[in-house]
Undergrad: 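First the structure, then my questions, so here it is.
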Amino acid sequence: MYQRQFQKISPLTTAHLAQTMSLLNMNYGDLNQEINKALNENPALVVREERLCPGCGHKLAEGQRCPICTQPKTGSPDEAIVFLSARGEFIPKGSSLGLDDFSDDLMGTDNLTLEEFVLRQIASELRVEDRAIAAYILNQLDEDGLFREDLDDVAEYFHISLDDLTRIKRIIQKAEPIGVGSSSPEEAIRVQIGELSESSKTPDIYVKISEEYLHPLLKKQFKEISDQLNIPQKTVADAAEYFSKNLNPFPARSHWGDFRSPGEGDTLGYSNPDVVINHVNNDPNQPLLVEIVIPSVSNLDINPYYSQAIKEAGEGAKEELKTDFDKANLLIKCIQQRNNTLQRLVEKITAIQKEFILKGESHIKPITRVEISKDLEVHESTISRAVSNKTVQMPDGRIIPMSTFFDRSLKVRTMMKEIIAKEKKANPLSDSEIQSQLEKKGFKVARRTVAKYRLMEGIMPAHQRKINPTGKKE
DNA sequence: CTATGGCACGGATT
DNA sequence: AATCCGTGCCATAG
């Protein structure tokens, strides 16, 4: 059996600690950027040719999972298999959205930034003089993929007409993810509807709703819409569901709208999970396979010529080379330690929350980070850092924040949702009625708290949930 | 008068 | 030390 290559951690220096902490805070994307930055800055750091398993050092074929780390451990067949998986490519030096880098060849899009990803799609459609402007727009996108600057100002700044700017923007908006570069979520939706109705059969009425009644729809004012358009309320509800499934007001995010109402929900919707939980071979009878997605750190290495170079260097240059060498060494160690911590944490979490993962939200166990920290014998802040900013992809495909595993109220909230789902819609339950129902089931919460949970779940107050037998809202 | 949302407080958690 | 969360009190709408 292979030993873990990186088990032994050298004595902790302050620098070591500081760097490990900041690395631990980072998710897959951030860490990847950090590594790329280090690669560009530090000549002592290189990428190894062969791919190694970041967990055990086993040589891997291209794109393969480590056959050793993904073996069920003997003696504990029920435990989840947690392994580190190196994904992503390193961005070659100097390709961070330089204006000279408009190559048409579409390389693997796995690890491109959003800017580059879009730029590559539209490069051929753009006139040469438009490229700087397109690049500017893409560079200024916020994290949702929206461009929120004032178009007049931008046009003036670049000395072009508003029409030209709009034309460039249109080109961007049509690229994947569709709607990117829009000025608002509403605009993004309209673009998406437009594209969608061209490629597939979207009912005209949906288009109309999206154009004129988007806001009422988001507030779930189905009745108002159905009255004004003189259509069945069912159609409006269908439209709402259709939108929620097919559209995304924040183009840079994926998996939007699965289980949270739009509007106030900026807590969810991430593109790349840090942890992927699934069954071996997707077979529910097999044990859980938990993949921790990390950048290709196993491929990070000290430049083999470097120690040689240090020896041969003159006295003056020696110092500088040595600094780079030490920095590279430290970075590699810290990353290994980060991953090790992450792995131990995820092992623990999946063991504890197995029911939750398999059977759903009502089976979540309320745990705190402190409990885990004691178990793993690390400082509680370490757990905090390891959990923050990370996302997990569940077996059903949903991507949720890792902090969900520590959500103490999720259980009560799902119970509340069940109660509301079962209520008679002609006579909806008020918050205090919900409270007493919950109490019967053993959940002691204040009436005020029920209201808060309702809000969290985007459920309307009782009188707005009322539906009389004709199927219309009261 | 009832149901609900806003504000703020205190204790727990990070 | 900072933040989050459940809760009580009060104002407001219906």
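Below, read A as the first sequence line, B as the second, and so on, with proteins coming before strands; counting in each chain starts at 1. Heavy atoms only: backbone and side chains are in, while hydrogens, waters and symmetry mates are out.
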Undergrad: For A:Q464 and B:dA3, what is the distance between atoms CD and C1' respectively, to the nearest whole Å?
TA: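 Distance check: A:Q464 CD to B:dA3 C1' gives 12 Å.
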
Undergrad: Which nucleotide wins on minimum distance to the side chain of A:Y453, given the candidates B:dT14, C:dG6, B:dT4?
TA: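 The answer is C:dG6.
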
Undergrad: Pick base, sugar-phosphate or nothing for A:S381, based on heavy-atom distances below 4.0 Å to the nucleic acid.
TA: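 Here A:S381 touches no strand at all.
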
Undergrad: If you check every side-chain atom of A:S430, which of B:dA3, C:dC5, B:dG5 has the closest atom?
TA: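 For A:S430, the side-chain atoms sit closest to B:dA3.
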
Undergrad: Output the rounded distance in Å from CE (A:M21) to P (B:dT14).
TA: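 Answer to the nearest Å: 18 Å.
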
Undergrad: Starting at atom CE of A:M456, determine the distance to atom P of B:dG5, rounded to an integer number of angstrom.
TA: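 After rounding, the gap between these two atoms is 14 Å.
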
Undergrad: Please report, rounded to the nearest Å, how far the C1' atom of B:dG6 is from the CZ atom of A:R454.
TA: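 Atom-to-atom, A:R454 to B:dG6, this comes out as 14 Å.
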
Undergrad: Just call it for A:R369: base, sugar-phosphate, or nothing, with non-hydrogen atoms closer than 4.0 Å on any strand.
TA: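 Result for A:R369 = sugar-phosphate.
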
Undergrad: What's the closest nucleotide to the A:E380 side chain, out of B:dT13, B:dC7, B:dT14?
TA: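 Nearest listed nucleotide: B:dT14.
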
Undergrad: Could you give the NZ-to-P distance, from A:K466 to C:dG14, as a whole number of Å?
TA: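 So the NZ-P distance, A:K466 to C:dG14, works out to 16 Å.
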
Undergrad: Contact class for A:V445 (heavy atom, under 4.0 Å): base, sugar-phosphate, or nothing?
TA: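 Sugar-phosphate contact only.
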
Undergrad: Begin from the C-alpha positions of A:S409 and A:D407 and carry the test side chain to side chain donor-acceptor pair (under 3.5 Å) through to its verdict.
TA: CA-CA 6 Å; A:S409 64; A:D407 189 328; 3.1 Å; yes

Undergrad: Looking across every strand, which nucleic acid part, if any, lies under 4.0 Å from A:S409 by heavy atom: base, sugar-phosphate, or nothing?
TA: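 The residue A:S409 makes sugar-phosphate contact but no base contact.
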
Undergrad: Calculate the interatomic distance between A:H463 atom NE2 and B:dG5 atom P; express it in whole Å.
TA: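 That distance rounds to 7 Å.
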
Undergrad: Can the positive tip of A:R65 be found less than 6.0 Å from the middle of the six-membered ring of A:F83, inside 45° of the ring normal?
TA: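 Ring-cation test returns no.
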
Undergrad: In whole Å, I'd like the distance from the CZ atom of A:R408 to the C1' atom of B:dT14.
TA: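 My rounded result for the distance is 10 Å.
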
Undergrad: State which of B:dT4, C:dC5, C:dG8 makes the closest approach to the side chain of A:R448.
TA: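 The nucleotide sitting nearest to the side chain is C:dG8.
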
Undergrad: Can a donor-acceptor pair be found, under 3.5 Å and without considering hydrogens, that links the side chain of A:S384 to the backbone of A:S381?
TA: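 Answer holds: no.
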
Undergrad: Could you work out which one of B:dA8, C:dC5, B:dT4 sits closest to the side chain of A:K452?
TA: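 When the side chain of A:K452 is considered, B:dA8 is the closest of B:dA8, C:dC5, B:dT4.
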
Undergrad: Can you identify which nucleotide, out of B:dA3, C:dG8, B:dT14, has its nearest atom closest to the A:A446 side chain?
TA: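 Selected nucleotide (nearest to the side chain): C:dG8.
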
Undergrad: Heavy atoms only, 4.0 Å cut-off, all strands: where does A:R447 land among base, sugar-phosphate and nothing?
TA: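 Base contact - A:R447 has a heavy atom under 4.0 Å of at least one base atom.
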
Undergrad: Look at atom NZ of A:K425 and say whether more than 12 heavy atoms of other residues, nucleotides or ligands are closer to it than 6.0 Å.
TA: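 Yes, because the 6.0 Å sphere around NZ of A:K425 holds more than 12 heavy atoms from other groups.
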
Undergrad: To the nearest angstrom, how far is A:L455 atom CG from C:dG6 atom C1'?
TA: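 Atom CG in A:L455 sits about 15 Å away from atom C1' in C:dG6.
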
Undergrad: Ignoring hydrogens and angles, tell me if any N or O in the side chain of A:N389 forms a donor-acceptor pair with the backbone of A:M26 under 3.5 Å.
TA: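 Here the side-chain-to-backbone pair does not exist.
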
Undergrad: Ignoring backbone atoms, establish whether A:T368 has a side-chain N or O less than 4.0 Å from OP1 or OP2 of B:dT13.
TA: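 Checking A:T368 against B:dT13: no side-chain N or O falls below 4.0 Å of OP1 or OP2.
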
